[in-house]
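Report on one structure; see the data block that follows.
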2 protein chains.
Amino acid sequence: MARAATTSDPFNAVGDPQRRQIMVSLARGEASVSTLVGVVGLPQPAVSRHLAVLRQVDLVRCRASGRQRLYRLNEPALEPIHQWLGTFAALWNDRLDRVDTILQEEEP
Amino acid sequence: MARAATTSDPFNAVGDPQRRQIMVSLARGEASVSTLVGVVGLPQPAVSRHLAVLRQVDLVRCRASGRQRLYRLNEPALEPIHQWLGTFAALWNDRLDRVDTILQEEEP
DNA sequence: TTGACACATATCGATATCGCTATATAGTGG
DNA sequence: CCACTATATAGCGATATCGATATGTGTCAA
């Protein structure tokens with residue numbers, strides 16, 4: 001059994017620098033494929049391929065707008081990574097728990 | 001230019017499930033290679049290889065103890081991943097900032 | 001309808017990565 | 001010194017992944 005496919009494992013999907021760059025770019029808001037081609041220095045098919053990978057792990061979603069496709073982040077799909085990181089930051093998580101409690105008390 | 005090597009990019013290094021499992025296991029504390037072989041269901045050379053990868057990106061460190069080598073996590077090496085995630089969690093970060101403030105006020 | 005534009009998909013060669021098997025290195029006990 | 005244990009490294013075949021090129025699909029505009 002080798003590494004889980006990039007198209008099924010968000011960790012692996014995010015293992016590629018170009019895909020991370022695309023995601024950072026999308027953090028600013030929706031963008032068309034051609035816009036992203038301008039951001040990343042890759043030919044359009046390569047970008048479309050990366051977007052397809054990110055779509056399959058649900059890290060990005062897209063909607064049609066005329067002949068363009070506007071891609072946007074799907075932040076909730078980052079949850080597995082957040083959780084995994086949380087495994088190592090017990091101290092940090094403790095603080096977060098306290099935060100939740102405190103914030104809930106603050107604005108009920 | 002393809003994907004950065006697993007031995008140089010922590011994101012890619014962590015893209016492998018077995019390596020993540022090893023890291024989760026190490027979150028409990030130091031462990032020898034043979035212990036980790038028991039945890040992950042892989043032959044010893046495979047585990048040593050994974051550990052070598054994690055060592056090269058400084059995600060784990062090891063010390064000799066007799067004929068064993070005890071591996072442990074090096075949490076600070078997770079910082080790049082934390083930061084990258086932070087890019088997308090603006091809302092979350094806002095809450096964290098508030099937490100810091102609140103906690104500082106609580107216990108000066 | 002025809003042509004141009006925006007994007008997706010298919011295919012290919014080069015490279016990376018995985019787990020496996022065999023072997024090398026190093027510390028320990030007799 | 002010699003076996004034994006614990007771990008690292010080397011080489012191999014199978015598979016995955018990347019970027020590039022070529023082509024398919026769908027939308028708009030004239």
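Here is the naming used below: chain letters follow the sequence lines, and residue numbers restart at 1 for every chain. Just so it is clear, the model here is predicted, and its values are computed rather than measured.
- In this structure, B:R61 forms no cation-pi arrangement with B:Y71, as its terminal cationic atom is not both closer than 6.0 Å to the ring centre and no more than 45° off the ring axis.
- Whole-Å rounding puts the A:N12 CG to C:dA16 P distance at 16 Å.
- Which of D:dT7, C:dC7, D:dG19 sits closest to the side chain of B:Q68 comes down to D:dT7.
- Under 4.0 angstrom from either OP1 or OP2 of D:dG19 there lies at least one side-chain N or O belonging to A:H50.
- Within the 4.0 angstrom heavy-atom criterion, no nucleotide atom of any strand lies near A:A52.
- Contact annotation: B:R19 side-chain N/O to C:dC18 OP1/OP2 distance is under 4.0 Å.
- Taking 4.0 Å as the cut-off between side-chain N and carboxylate O, B:R49 and B:D16 do not count as a salt-bridged pair.
- Going from atom CZ of B:R49 over to atom P of C:dC20 covers 14 Å, rounded to whole Å.
- Heavy atoms of B:A64 sit nowhere under 4.0 angstrom from any nucleic acid atom.
- At C:dT28, none of the side-chain N or O atoms of B:R67 fall inside 4.0 Å of OP1 or OP2 (strictly under the cut-off).
- The shortest distance between the side-chain N/O atoms of B:T6 and the OP1/OP2 oxygens of C:dT17 is below 4.0 Å.
- Rounded to an integer number of Å, the gap from B:Q44 CD to D:dA6 C1' is 7 Å.
- Distances were taken from every side-chain heavy atom of A:P45 (C-beta onward) to each of D:dA22, D:dC18, C:dC7; the shortest belongs to D:dA22.
- Within the nucleic acid shown, A:S48 comes within 4.0 Å of at least one base atom, counting heavy atoms only.
- Per the geometry, CD belonging to A:Q56 stands 14 Å off C1' belonging to D:dT17, to the nearest Å.
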